[in-house]
Amino acid sequence: MSGTAGTAICVLRCDLRAHDNQVLHWAQQNADFVIPLYCFDPRHYLGTHCYSWPKTGPHRLRFLLESVKDLRETLQKKGSSLVVRKGKPEDVVCDLITQLGSVTAVVFHEEATQEELDVEKGLYQVCGQHGVKVQTFWGSTLYHRDDLPFRPIDRLPDVYTHFRKALESGARVRPTLQMPDQLKPLAPGLQEGIIPTMEDFGQKDPVTDPRTAFPCSGGETQALMRLQYYFWDTNLVASYKETRNGLVGMDYSTKFAPWLALGCISPRYIYEQIQKYERERTANQSTYWVLFELLWRDYFRFVALKYGRRIFSLRGLQSKEIPWKKDLQLFSCWKEGKTGVPFVDANMRELSATGFMSNRGRQNVASFLTKDLGLDWRMGAEWFEYLLVDYDVCSNYGNWLYSAGIGNDPRENRKFNMIKQGLDYDGNGDYVRLWVPELQGIKGADIHTPWALSSAALSQAGVTLGETYPQPVVTAPEWSRHIHQRPGGSPHPRGRRGAAQHKDRGIDFYFSRKKDAC
Ligand code: FAD
């Protein structure tokens, strides 16, 4: 752009932050007036692609509205604001260009998936028609796309470990950008626009369930506070590897995902804070493991770049023909937490009530849907898309493909054993008791297999199968090995361990075992 004249429109999408934001940074240096713009795109509130569940559920919508509000307040403190409109970004930008007459550049972060790329194409077209420059950046990952040791992107390894090792030995994370304290003003006369409410989208504010593992609000301010808490106030980060497979409460994992999904926190900022923590406090397997997990997030984003639309296809990345079922009745049991398999039901009820589910839970319910029920994996992926407060298109579809055995899993036929997983990670049944109260009368680990209890035991616990709690919709032969394991008398002591005792197991452990090892 010549000189510094003119107005730059910064189209913000999943980069709702003022720190380490290259779009705002560039506009600040290259324009007299800067318009940070967020558009509530009506396409985000339609139905999901195959099954038409609503695309954005109430927990994520609330979180988004909070994030937008927070960014407006932050930008206002810096002498700017966030302009908000309802409409497709390409239409809104076209209107603004016409209305203002002074727009010289449109700036945005590039995304990786089809619908988002279609928006970008629309922006290029509009700008082309009006002779306005388009400036784009890559900013959603820890490692920059252009710094990958695999070029072109087709050469990205199909196995995560190969990807990780190549990056760890041959790439560097770029430093965060220094942002100015004061930002350039909005173009004169421009209305900020009213931030819509839940009701404007035909939704109600969801009731906050006191059992939620994610009681936080959206926005950069809260994201930075969460990091301060998890790293510096409590040192929880130093035991992350031991706690990360937990199921109950705020503190077993970072809970960064919802903020990362909307870009309220920069992954590079998290990286710098980990480095600082390692210098000033301690460096151990746990501090490393947060980066290890963030690299999964990067990986799935680059997988989306490599495979394009194929991440959404029924046959997945491996073009595998699998006779998936589309049984809506079975699917209803899964989504409502009424499969009769308590560990699955507890997780699915948590998701509906709160918009959150632990990583352990997600892996299990996804394996159950795809491997035990044999349902079309996209039913599950789209249900998660609707409900997850941290829904991220690449992480969600990448993980679902992985769980369905048609993604980046080098192993054939990996399947989780629901009963063993329940016993390993919820040994005393407390998590199930929290979310499936109708089974509360069953003591200890027996809660994971109510159908295996005697009628006397069930009646003592006040449970009538088929009436107060369902019979299991399916049972897998491998479950029987883990039935009737009790603390103190189990032939497989691993079945009694809690998550904390899995401290040496990481994702590699699970993903490098033979079939049914889990
Ligand atoms: P932590 O355990 O604290 O991890 C730190 C960060 O690392 C996370 O915030 C996340 O950004 C990243 N991360 C961790 N595990 C993964 C993973 N397996 N894949 C990608 N990134 C990871 N994560 C999403 O952010 N959005 C999704 O839509 C999503 N859908 C999923 C669907 C399925 C079927 C499965 C099995 C996993 C999915 N995940 C998704 C990954 C993971 O479950 C969540 O990132 C994690 O549970 C969020 O909690 P946290 O922030 O406390 O994670």
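Every number for a ligand or one of its atoms is a count from 1 in the order of the listing. Because the structure is a prediction, the values reported are computed rather than measured.
- Ring orientation note: the planes of Y45 and F40 are tilted relative to one another, at an angle of 30° to 60°.
- The side chain of L260, and not its backbone, has at least one atom closer than 4.0 Å to an atom of ligand 1 (non-hydrogen atoms only; side chain from C-beta on).
- Distances below 4.0 Å separate heavy atoms of R297 from the following atoms of ligand 1: 11 (O), 20 (C), 21 (N).
- Every atom of ligand 1 with a heavy atom of F300 under 4.0 Å away is listed here by number and element: 19 (N), 20 (C).
- Contact annotation: R244 has no heavy atom less than 4.0 Å from any atom of ligand 1.
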Check the pair N399 / R362 against side chain to side chain donor-acceptor pair (under 3.5 Å), numbers first and verdict last.
CA-CA 9 Å; N399 274 292; R362 294 180 204 201; over 6 Å; no

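- Contacts between Y299 and ligand 1 below 4.0 angstrom, taking non-hydrogen atoms only, are absent altogether.
- Relative ring orientation between W479 and F368 is described as parallel, the plane-to-plane angle staying below 30° on a 0-90° scale split at 30° and 60°.
- At under 3.5 Å, a nitrogen or oxygen of D390, whether backbone or side chain, sits near a nitrogen or oxygen of ligand 1.
- Y160 has its ring centre less than 6.0 Å from the ring centre of W296.
- Of the heavy atoms in W289, none comes closer than 4.0 Å to ligand 1.
- Backbone and side-chain nitrogen or oxygen atoms of N399 are examined, and one is located within less than 3.5 angstrom of a nitrogen or oxygen of ligand 1.
- Note: no N/O pair closer than 3.5 Å links Q363 and ligand 1 by distance alone.
- Residue-to-ligand polar distances place T254 within reach of ligand 1: an N/O pair is separated by less than 3.5 Å.
- A salt bridge is defined here as a Lys NZ or Arg NE, NH1 or NH2 lying under 4.0 Å from an Asp or Glu carboxylate O, and R301 with D298 fails to meet this definition.
- The shortest N or O to N or O distance between S403 and ligand 1 is not under 3.5 Å.
- Between W400 and the options F384, W377, W383, a ring pair (Phe, Tyr, Trp, His ring centres under 6.0 Å) holds for only F384.
- An N or O contact shorter than 3.5 Å links Y240 to ligand 1 by distance.
- At a heavy-atom cutoff of 4.0 Å, ligand 1 is contacted by no atom of Y402, backbone or side chain.
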Worked check of side chain to side chain donor-acceptor pair (under 3.5 Å) between E385 and W53
CA-CA 9 Å; E385 176 171 352; W53 331 130; over 6 Å; no

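- Contacts between D392 and ligand 1, counted as non-hydrogen atom pairs separated by less than 4.0 Å, involve both the backbone and the side chain.
- Relative orientation of the F63 and W259 rings is tilted, given thresholds of 30° and 60° on the angle between their planes.
- For Y240, the side-chain hydrogen bond (donor to acceptor under 3.5 Å, both in side chains) test picks out no residue, with sequence neighbours left out.
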